[in-house]
Each structure stands twice: as C-alpha cells, then as structure tokens.
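First the structure, in the form of structure tokens, and then the observations on it.
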Amino acid sequence: MSEANASVAIVVDPNFGDRLLPLANQMSVWIADTPTNRASAESVWSQPRSTELNVTTFRVAGDDASKWCCAILPQVALHHGNYSQSPGYDSLEVFGTGVNSDLRDAFSSYGFTISSESPDGFRAVR
C-alpha cells in the first residue's frame with residue numbers, strides 16, 4: 001500500500017461524529033467505535049469515493065480515552081509502519097485525550113515524541 005501522507009489520526013473522542021469526513025480527507029483515521037462515531041464512519045464508507053478514504057473503527061471498553069489510545073497503538077503500528085506502507089507513518093494526530101505519563105511512555109516505545117498539545121488532543125512525531 002502506498003500512501004502519500006504519512007500522518008495517521010487516532011480518534012478517541014466518543015462524540016467526534018461529523019468531524020470524521022474532513023479528517024479522513026487528510027489522513028488515515030482510526031476511530032473509537034461508539035454509536036456516534038460508528039454512524040459517521042458508516043456515512044463515510046457509503047460515499048462513492050470511500051475507497052480513497054481509510055477509516056477504521058476499533059472497539060473500546062470502559063470510558064478511559066487515554067487507555068483506548070494506548071490499546072490501539074500496536075494495531076496502528078502494524079498497519080501503517082514501514083513494512084505495511086511506503087512511506088511508513090511518521091506522525092500521529094490524537095483527538096479526544098490529553099497527554100499523560102502512560103501515553104507519553106506508550107508513544108515513546110514506538111519511537112514517537114509528543115511535539116504539540118491542543119485542547120482537543122496532541123501530535124506525536126518521530
């Protein structure tokens with residue numbers, strides 16, 4: 001798989017909803033499978049050009065968005081690393097949780113450093 005944009009989004013905001021399509025037009029998106037997000041993902045998938053958009057839902061349990069983010073990192077690394085696409089991803093945009101020590105450690109274990117934070121999440125780069 002060849003992908004021009006080496007950025008990937010992880011969305012752990014359970015109510016991201018309608019913001020999904022604009023984000024999916026920019027980069028691959030892994031989004032928490034909540035009722036609101038599932039409806040938006042299905043809407044994206046049903047569009048005629050949906051084959052150009054890479055939106056993946058992932059199951060979540062509980063209500064800790066930070067843990068959801070840590071838990072999905074191995075799958076994101078598997079599907080977007082150098083062995084799966086060229087170029088491999090080099091940045092992650094996270095929506096729905098702030099940075100904490102567990103997230104900092106988890107991202108560090110995959111070679112990422114938190115480069116910026118926003119009220120809605122953070123960006124990590126290699």
Side-chain angles (χ1 to χ4, degrees):
M1 173 178 167
S2 179
E3 187 166 306
N5 191 331
S7 293
V8 175
I10 298 175
V11 177
V12 293
D13 177 343
N15 297 305
F16 199 75
D18 293 338
R19 295 180 286 165
L20 176 58
L21 181 58
L23 183 60
N25 279 314
Q26 298 174 36
M27 65 189 72
S28 295
V29 179
W30 289 69
I31 189 165
D33 193 350
T34 63
T36 300
N37 292 344
R38 166 60 70 166
S40 292
E42 288 176 354
S43 175
V44 168
W45 295 330
S46 71
Q47 296 196 12
R49 60 184 214 114
S50 67
T51 57
E52 299 171 20
L53 304 178
N54 188 357
V55 174
T56 305
T57 59
F58 61 94
R59 293 181 193 202
V60 294
D63 60 2
D64 189 333
S66 171
K67 287 183 180 177
W68 298 350
C69 189
C70 284
I72 200 59
L73 271 176
Q75 288 299 313
V76 172
L78 175 67
H79 290 274
H80 296 281
N82 290 328
Y83 295 113
S84 298
Q85 71 180 35
S86 180
Y89 71 138
D90 61 9
S91 65
L92 287 162
E93 302 281 342
V94 177
F95 299 88
T97 188
V99 178
N100 61 33
S101 61
D102 289 341
L103 278 170
R104 200 173 295 279
D105 291 345
F107 276 74
S108 177
S109 72
Y110 285 92
F112 287 91
T113 302
I114 308 303
S115 65
S116 61
E117 296 181 54
S118 71
D120 196 28
F122 61 92
R123 176 178 169 81
V125 298
R126 284 201 169 141

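Along the sequence shown, residues are numbered consecutively beginning with 1.
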*asked:* Using the rule side chain to side chain contact (heavy atoms under 4.5 Å, CB included), only one of Val44, Thr36, Leu53 pairs with Leu20; which is it?
replied: Val44
*What about the rings of Tyr89 and Phe112, do their centers lie closer together than 6.0 Å?*
yes
Measure across [X] and [Y] and return the closest heavy-atom pair with its distance rounded to 0.1 Å.
X: Gly96; Y: Val12; value: C-CG2, 3.8 Å
X: Phe107; Y: Ala124; value: CD2-CB, 3.6 Å
X: Asn37; Y: Asn15; value: OD1-C, 3.8 Å
X: Ala106; Y: Ser109; value: O-OG, 2.6 Å
X: Pro87; Y: Asn82; value: C-OD1, 4.5 Å
X: Cys70; Y: Leu103; value: SG-CD2, 3.6 Å

*First locate atom CD1 of Ile114, then atom CZ of Arg123, and finally report the distance between them rounded to the nearest 0.5 Å.*
11.0 Å
_So, taking the atom named CG in Leu92 and the one named CZ in Phe122, what distance separates them when rounded to the nearest 0.5 Å?_
8.0 Å
*asked:* Would Phe95 and Leu23 count as a side-chain contact (heavy atoms from CB on, under 4.5 Å) here? Give the steps.
replied: CA-CA 11 Å; Phe95 299 88; Leu23 183 60; 3.7 Å; yes
*Any pair counted as salt bridge (charged side-chain N to carboxylate O under 4.0 Å, His left out), so long as it reaches residues 20-32, sequence neighbours left out*: none
For [X], give me all partners under side chain to side chain contact (heavy atoms under 4.5 Å, CB included), at least two apart in sequence or on another chain.
X: Asp18; answer: Ser40
X: Glu42; answer: Arg38, Trp45
X: Ser118; answer: Asp120
X: Thr113; answer: none

*asked:* Measuring only between side-chain heavy atoms, which start at C-beta, is Asp13 closer than 4.5 Å to Arg19?
replied: yes
*Using the side-chain contact (heavy atoms from CB on, under 4.5 Å) rule, take Gln26 and Ser7 through it: C-alpha gap first, then chi angles, then the decisive distance, then the call.*
CA-CA 9 Å; Gln26 298 174 36; Ser7 293; over 6 Å; no
*Given Ile10 and Leu73, is the side-chain contact (heavy atoms from CB on, under 4.5 Å) satisfied, shown in steps?*
CA-CA 9 Å; Ile10 298 175; Leu73 271 176; 4.0 Å; yes
_Mutual orientation of the aromatic rings belonging to His80 and Trp30 [parallel < 30°, tilted 30-60°, perpendicular > 60°]_ = perpendicular
*Go through Val8 and His79 one step at a time and tell me if the side-chain contact (heavy atoms from CB on, under 4.5 Å) criterion holds.*
CA-CA 10 Å; Val8 175; His79 290 274; over 6 Å; no
*Those residues that, when tested against Asp90, pass salt bridge (charged side-chain N to carboxylate O under 4.0 Å, His left out) (two or more places apart)*: none
List the atom pairs, with distances to 0.1 Å, where a side-chain N or O of residues 58-69 and a protein N or O form a donor-acceptor pair under 3.5 Å, not counting sequence neighbours.
from: Asp64; atom 1: OD1; to: Ser66; atom 2: N; distance (Å): 3.0
from: Asp64; atom 1: OD1; to: Lys67; atom 2: N; distance (Å): 3.2
from: Ser66; atom 1: OG; to: Asn100; atom 2: ND2; distance (Å): 2.8
from: Trp68; atom 1: NE1; to: Ala61; atom 2: O; distance (Å): 3.0

